[in-house]
Amino acid sequence: MTRPRVRFAPSPTGYLHIGGARTALFNWLWARKTGGTFILRVEDTDQERSTDESVRVIFDSMRWLGLDWDEGPHAGGDCGPYFQMQRLDLYREYAEKLIRAGAAYRCYCTREELEAQRNALPEKKRAHWVYPGTCRERRDEPDLPYVVRQKLPRGGAVAYTDLVCGAMSTPCDAMQDQVLMRSNGVPLYNFGAVVDDVTMGVTLVARGKDHLINTPPQILLYRALDADVPQFAHLPMMLTPTGEKMSKRLGDQQGIDVPVGAYREKGWLPDAVLNYIARFGWSAGDQEIFSREELIEKFDWNHVGNHDGRYDKKKALWVSAEHLRKRTDDELAAMVLPFLAKRGLTVDAADARLVPAVHTVKPRASTLVEMADAMDYYFRDEPVVDAKAAEKFLTADAKPKLAALADVVAAVEPFAEAEIHNAVEAWLASQSLEIKHVAQPARVALTGRSASPGLYEVMAVLGRDVTVARLRKASA
RNA sequence: GGCCCCAUCGUCUAGCGGUUAGGACAUCGGCCUCUCACGUCGGUAACACGGGUUCAAUUCCCGUUGGGGUCACCA
């Protein structure tokens, strides 16, 4: 069997969204697993909505996710160009081919005429209007603008086996003579995609299930072109938490991130994003957490489910947290730096507090943004004090204890977690106190918050001077 | 509405005729504990419904219901 050639073909009309990333991922995984080729093609034939900015954003997101393409823009390849608007001649050529083969015809009906026909129908029936085939058998070639329409066979059905959905069959009468080429010579999706997939030698088309309906007419096109029909794999839809088609608008409404860029900004690791979307609609036994390599190793079409699912924010965050915890403190330190900077904390990569600080917050963060937040008080001159916490714990009763604690801590040598622990324990015992009597006030004094890593580890990271100063200040 | 697809805990899923229907997230308890987490132990929780086929259906078939997708000179 020849090496698979798969592709991801976004249209640059906005961000790369999480569902699109999933489609790209499944294609990429298959290519990487089989030693095949992953092609990136830009379907920019919608001139109204396509923008260069979107192209840039999509490439950015793909690179960030680490979904590298073997052929496509910036990567080269023998089947370029990889922007559809640069392949217009090719589409014209193939349109002619189809006309000669009797699988397409020129249609001179104007939009106005068609619109009028549709409007002549009773309100209820308008949705069912289909092109009546007016120009189907037309022989003359008037000097008028025309579109190229697909000439569907009468009767019969198109059958194929989908890698995910199984045996599929659609009667030809359920389709219509769709427009292949606009009057301005720019192809529509169903035509451009087929011509490109043929000329790029694509062997497997994996895309969202929303394309299921496009497949039968496309197969007819492959046949008319006398080209090999690729395999198809239609991925179940990733829907919003309430079960609707994903969109930026609904995502915002329901508190989930749809653009891939949002995950980057929120401090997700690319591998975590990949893990979540891979596991969505696909499984490998009981395993939940996968490295990129494991994904490649274990991915297969057999275990891709065929029913749509809903995005689960909490599980997604859990996956994110798991990936964070797999990284070493050093790695995380380097990664969290930009997120600290975003909060105005310029920390030197060599700062001795950095890695220990990361260590203390690692089990408490799901994203790098959360991690940076949890580290805030380590690097700010004065902790940002939560008013409620201060009111509750920095009481008149607590202040003398904090002053005493400051004195105890000031004398600890060396100033390390275990030593601090021992010294404080000894002092508590001598005062007939328990840690719970001073822990929360001290925590607020040191971090400004009522929740934080363990007191002694916080002290050790802060260092003696800062610890003592903060305790004294709070006791004043 | 037509056409197409789908249907196991709240969510993601395992299951591919015979299982105490498994795992994960979430949730609820216990433990750990200076708070919050992490960790750990345990609990609640599902085969949409109705017909068939079969010695036997979550599993196969049909219908109902429900959900989703799609009906452009968008992709």
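These values consider heavy atoms only, across backbone and side chains, with no hydrogens, waters or symmetry-generated copies. Bear in mind the structure is a predicted one, so any value in this text is a computation, not a measurement. The chains referred to below are lettered A, B, ... by the order of the sequence lines, with proteins before strands, and numbering in each begins at 1.
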Point to revise | Interatomic distance, A:Glu115 CD vs B:C73 C1' [rounded to whole Å] | key: 12 Å

**Study point:** Minimum-distance nucleotide (side-chain atoms of A:Gln440 versus B:A14, B:U35, B:C5)
**Key:** B:U35

Point to revise | Salt bridge present between A:Asp407 and A:Arg472 (N-O < 4.0 angstrom) | key: yes

**Study point:** Pair partner, B:A26 [Watson-Crick or wobble, under 3.5 Å]
**Key:** none

Check your understanding: Where the side chain of A:Arg182 is defined as all heavy atoms beyond and including C-beta, which of B:C12, B:C73, B:C34 is the nearest nucleotide?
Key -> B:C73

Point to revise | Polar side chain donor-acceptor pair, A:Asn190 to A:Gln218, under 3.5 angstrom | key: yes

Point to revise | Under 3.5 Å donor-acceptor pair, A:Ser452 side-chain atoms to B:C36 base atoms | key: no

Review point. So which nucleotide from B:U11, B:C6, B:A75 ends up closest to the side chain of A:Leu188?
Key: B:A75

Review point. In the strands shown, is B:C60 matched to any nucleotide by a Watson-Crick or G-U wobble pair with both distances under 3.5 Å, and which?
Key: B:G52

Practice item. May I ask you to verify whether the side chain of A:Arg443 and the base of B:C34 hold a donor-acceptor pair under 3.5 Å? Key: yes

Exercise for review: List the steps and the verdict of side chain to side chain donor-acceptor pair (under 3.5 Å) for A:Gln440 and A:Lys392.
Suggested key: CA-CA 9 Å; A:Gln440 284 306 79; A:Lys392 182 170 180 190; over 6 Å; no

Check your understanding: Within the modelled atom types, does a donor on one side and an acceptor on the other bring the side chain of A:Glu288 and the base of B:G23 under 3.5 Å apart?
Key -> yes

Practice item. Among the candidates B:C73, B:C12, B:C4, find the nucleotide nearest to the side-chain atoms of A:Arg310. Key: B:C12

Study note, to complete from the structure: Under a 3.5 Å limit on both distances, the Watson-Crick or wobble mate of B:G1 is B:C71

